[in-house]
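So you know, we letter chains A, B, ... as the sequences are listed, proteins then strands, and number each from 1. All values reported here derive from a predicted model rather than from experimental measurement. Reckoned from all heavy atoms, side chains included, excluding hydrogens, waters and symmetry mates.
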Number of protein chains: 2
Amino acid sequence: MSPVTIKDIARALNLSTSTVSRALRDSSEMNPETKKMVLDYAQKVNYSPNPMAVSLRASKSKAIGLILPEIANAFFSQLINGIEDVAYAHGYHVVISQSHETYEREVNNLNYLSSRRVDGILVSLSSLTTDLHPFHALMDQGMPFVFVDRVPQQGQVHKITSDNFEASYNATKHLIELGKKRIAHLTSPRYLSITTERLAGYKKALLDYDLTFKEELVKYFHYGGAVAQENEKTIHGLLDQVQPPDALLAASERLTMASLEILHKRNMRIPEEMALVGFTNNAVAGLLNPPLTAVVQPAYQMGEQAAKLLIELIESPQKVNEFQNLILPSLLDIRSSTIGSKPFIS
Amino acid sequence: MSPVTIKDIARALNLSTSTVSRALRDSSEMNPETKKMVLDYAQKVNYSPNPMAVSLRASKSKAIGLILPEIANAFFSQLINGIEDVAYAHGYHVVISQSHETYEREVNNLNYLSSRRVDGILVSLSSLTTDLHPFHALMDQGMPFVFVDRVPQQGQVHKITSDNFEASYNATKHLIELGKKRIAHLTSPRYLSITTERLAGYKKALLDYDLTFKEELVKYFHYGGAVAQENEKTIHGLLDQVQPPDALLAASERLTMASLEILHKRNMRIPEEMALVGFTNNAVAGLLNPPLTAVVQPAYQMGEQAAKLLIELIESPQKVNEFQNLILPSLLDIRSSTIGSKPFIS
DNA sequence: TTGTAGGCGTTATCAG
DNA sequence: CTGATAACGCCTACAA
C-alpha cells in the first residue's frame, strides 16, 4: 500500500540498508551478485526513492522556480513549454508563479520560492519592477538566477533575451520602406529593458532613414497593456493628435491586440490609413483582420536556453564563471496589416 | 548564509529544539513568554521551515501534479491560471506536465508525478487515451484524482467539466436558426468524453429542429487537431463532398483555427457560403477575419474548482464521500462568422 | 513548562 | 565486501 523503502528491501533480502543503498546507487565496491539481487528485487517491487528524503539529505529540492507576469499569454506559455521540457529532461520540476505585473506579488513569489528551497530561479520581470534589491539579496546568498526576456537593465546577471533592438529596427524599417512617415511606438514602461532596446531600434531606423524622432509619437503604458482603460485612453489620444501617426509599432501582445481593436472600432483602413506591426506570438496572427505583420520572438527556445543555463548554474556553478547574455533572433512575419494586399472593409 | 534551522534558534536562545518547535507551532502548552521570545527571534532571523524536512516527516509533499495535453493553448493556460491561484492560496505548488496528446507521455508523466510523491493529481486526458488502468491503479493506492474537461467516459471518478452538451446544442441551434441546413461537426476522437457530449448536443439540436443527422457531416480528428496534415486533408475532404456543408461547428481550439484558415485559403464567404462556430478561449476571437462566433469555456473557474476539490480530497478525504461531477456553463459569443453583419472579402 | 529521544528515508563515513 | 551509525530538519510521545 504505502511506497516501498530501502528498509523494506533490506528486510526482505536480509541485508542492511547500506548495502541496498549502495546497490541502488550502482556502487562498484560490492559483490555483483548482491547488487543484481537487490536491483532485481527493487525492480520487482517497483521501488522508487522518496524524493523528500533525498532532498533533505542532499539539501537540494530538484525544483526550479519561475516568476513571470502571466501564464495566459502566447509568449509566456511557449516560454514555459521550453523551460518545462528541459527541466523535466534533467529531473527538475518547475514551480510557476505569476506576478500579474505587480511588484508586490513578484516579491511575494520570490519569498515563497526561496522558502520552498528551490535550487534556482528563472525570472521575467513585471512591468512595474524598478527595485532589484530582493533579487540581489537572494543572489548574494548563493541562489542561482537567470533572467529571461524582461531582464534588469543594469547589474551583473545572467540573461536570455531576444534581439529587441534588431526586431524593432527591422519592423520600423519595414514601415519606412512602405512609405510611412509618422510611425508611432506603443510600448511598456521606460524602466524595462525590452522597452529601452525596442525604443533604440525604432530610433535608429528613423535616423538611418532621415526621419526625425518625435517624442509625441512614443507612448508608454504603465501596465504594459494589461489595463484596458489605460490602453483605450492612450491609443485614442494618440490617434486624435493634430498630426496623427500613419503607422503603429506595438511592443507587446496586449498592446498589439488593443491597437487592432481600436482601429477596428474607428473603422480605419489598415494599412492605408494606419499600418500596424505588433510584437506577438499568438498563433492566429495570420487569421486576424487584417492578417497581422508580427514580430515573433523565439519563446520556446528562450525557455530552453534559460532552463539549460540555470541548471548548469545549479549543478556546476564554477563552470559558468562569466555572466551569460544570450540574445536570440526574432522573426518578422510580414502580412497584410502593413503590405495590404487584401483590402480591409469594415 | 545557509538557512536558519530550529536548532540554530534553540542554540541561540538556550532552549531545546522541541521547545522552539512548539513555539513555532503556536502550542498552548507552554510559557507565553518563552513562546514570544522564540517567535520574535525567529522573525528577526527570518526563519522559515525547511519544506523537505516537513514533507519527509509528514509524508506530504504539498505539491499537486497536473497532466494536460499542452500548455500553449488559451484554454489550458487559463485553466492552469485558476489551478495555480487556488493551489498557491492553500500552500500547494503545482507540478505541470504535458502529454502532447500521446498516451505514452501521459503514462510517463503519471509515473513521474507519483514517484515525486505529489499529494494528488489533476488530469485532462490526451486525445489518444483509451486505457485508464494506470490511473485506477494509482487511485486504488489512495492517490486523490480529479479530472478536468477531458474526463473519463465511465468509471467512478471526480470530474469538473463545462456543459458540453448544452454548449454544442446552443451553437448548433444558433446555426439552424440562421437557416443553415447542412451543419458539419469537426471533433476529437470518439472515446473522449467531450466528443460524445458535444456530438450529443449537436444531434439533439438537429432532432429538435427536424434536420436529419448525417454521418458524413461528422469528422473525427485522431489527434484532436494537433496534426496539420490530418486537419487539412479531412477538412478539404469535407468541403469537397458532393453535398458540402453550409456551416461548421468545430469542437476545439485547433480545429477551429484550422477550419478558418482553410476557408480563407479557399476564398469562401463567411458566413454566406459557410458559417463557422468554434470552441475557443482565444482572447482575439473578435479580431479574427471574420470575427468568430465562439463557444468559450469557463477555463479559469474550472481550474479553480478542480484545484479546490482536489485539495479537499487531499486534506479531508472523508468529507467528500461521493464522486463529484461539477458542470459549469459555457458561453456562446455570437459574432460575424455566423451572423455576418460585416462582409468578408478576400 | 521544558527537555530527551526516536523516527520519517536516504546516504556517507567508518569499522569490521 | 558488508554492516552499524550518524546526520539532513522537523515533530511528537514520553519523561522529568
Side-chain angles (χ1 to χ4, degrees), chain A residues 1-42 45-63 91 114-119 141-142, chain B residues 1-42 45-63 91 114-119 141-142:
Chain A
M1 199 79 269
S2 60
V4 182
T5 71
I6 279 190
K7 209 186 276 183
D8 298 327
I9 300 180
R11 198 163 18 208
L13 262 36
N14 245 307
L15 290 169
S16 72
T17 56
S18 2
T19 304
V20 175
S21 174
R22 260 190 292 261
L24 259 12
R25 314 219 65 241
D26 200 31
S27 158
S28 54
E29 301 175 317
M30 70 181 298
N31 187 332
E33 290 174 24
T34 316
K35 191 199 282 185
K36 185 167 179 349
M37 181 174 68
V38 172
L39 259 21
D40 287 351
Y41 185 79
V45 296
N46 205 356
Y47 168 81
S48 87
N50 182 321
M52 304 154 201
V54 176
S55 289
L56 178 59
R57 182 85 234 284
S59 27
K60 298 204 158 176
S61 60
K62 280 284 185 174
S114 87
S115 82
R116 272 284 182 182
R117 305 286 203 276
V118 294
D119 295 337
Q141 285 172 42
Chain B
M1 198 82 267
S2 60
V4 183
T5 70
I6 279 190
K7 208 187 277 184
D8 298 327
I9 300 180
R11 200 163 15 209
L13 263 34
N14 245 307
L15 290 169
S16 74
T17 57
S18 30
T19 304
V20 175
S21 173
R22 263 188 291 259
L24 261 10
R25 313 218 68 242
D26 200 30
S27 159
S28 55
E29 302 175 316
M30 70 181 298
N31 187 331
E33 290 174 25
T34 317
K35 191 198 283 186
K36 183 164 181 355
M37 180 174 69
V38 173
L39 259 21
D40 287 351
Y41 185 79
V45 297
N46 204 356
Y47 168 81
S48 86
N50 182 322
M52 303 154 200
V54 176
S55 289
L56 178 59
R57 176 92 232 287
S59 19
K60 301 206 155 172
S61 59
K62 280 285 186 174
S114 87
S115 82
R116 272 284 184 182
R117 306 285 203 276
V118 294
D119 296 337
Q141 286 172 42

Value in whole Å for how far the [atom2] atom of [N] lies from [atom1] of [X]:
X	N	atom1	atom2	result
B:Arg117	C:dG9	CZ	P	9 Å
A:Lys60	D:dA7	NZ	P	22 Å
B:Lys36	C:dT1	NZ	P	18 Å
B:Ile6	C:dT2	CD1	P	15 Å
A:Arg11	D:dA4	CZ	P	14 Å
A:Met30	D:dT2	CE	P	5 Å
A:Glu33	D:dT2	CD	P	9 Å
B:Met37	C:dT2	CE	P	8 Å

Exercise for the section: Examine the side chains of A:Ser16 and A:Thr19 and answer whether a donor and an acceptor come within less than 3.5 Å of each other. Expected result: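 There is such a pair between these side chains.
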Problem - Closest listed nucleotide, where the reference is the side chain of A:Thr19 and the choices are D:dC11, D:dG3, C:dG3 - result: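 Closest of the options to the side chain of A:Thr19: D:dG3.
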Handout entry: 5' precedence on DNA chain D between A:Ser28 and A:Thr17 (nearest-nucleotide basis)
Key =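 Comparing both residues, the 5'-ward one is A:Ser28.
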Problem - Contact nearer the 5' end of DNA chain D, comparing B:Asn50 with B:Arg22 - result: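 Between the two, 5'-proximity favours B:Asn50.
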Looking only at side-chain N and O atoms, does [X] come under 4.0 Å of OP1 or OP2 in [N]?
X	N	answer
B:Lys7	D:dC8	yes
B:Ser59	C:dC8	no
A:Thr34	D:dT2	yes
A:Tyr47	C:dG9	no
B:Arg25	D:dT12	yes
A:Ser21	C:dT11	yes

Problem - Electrostatic pair A:Asp26-A:Lys35, nearest N-O below 4.0 angstrom - result: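 Judged by the 4.0 Å cut-off on N to carboxylate O distance, A:Asp26 and A:Lys35 do form a salt bridge.
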Minimum heavy-atom distance [X]-[Y], with the two atoms named:
X	Y	value
B:Val54	B:Pro49	CG2-CB, 4.1 Å
A:Val118	A:Ser61	CA-OG, 3.4 Å
A:Ile6	A:Tyr47	CG1-OH, 3.4 Å

Handout entry: Of B:Leu56 and B:Ser16, the one whose closest DNA chain C nucleotide lies more 5'
Key =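 On the 5' side of the pair lies B:Ser16.
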Exercise for the section: Assign A:Ser18 to base, sugar-phosphate, or nothing according to its heavy-atom contacts below 4.0 angstrom with the strands shown. Expected result: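 Base contact.
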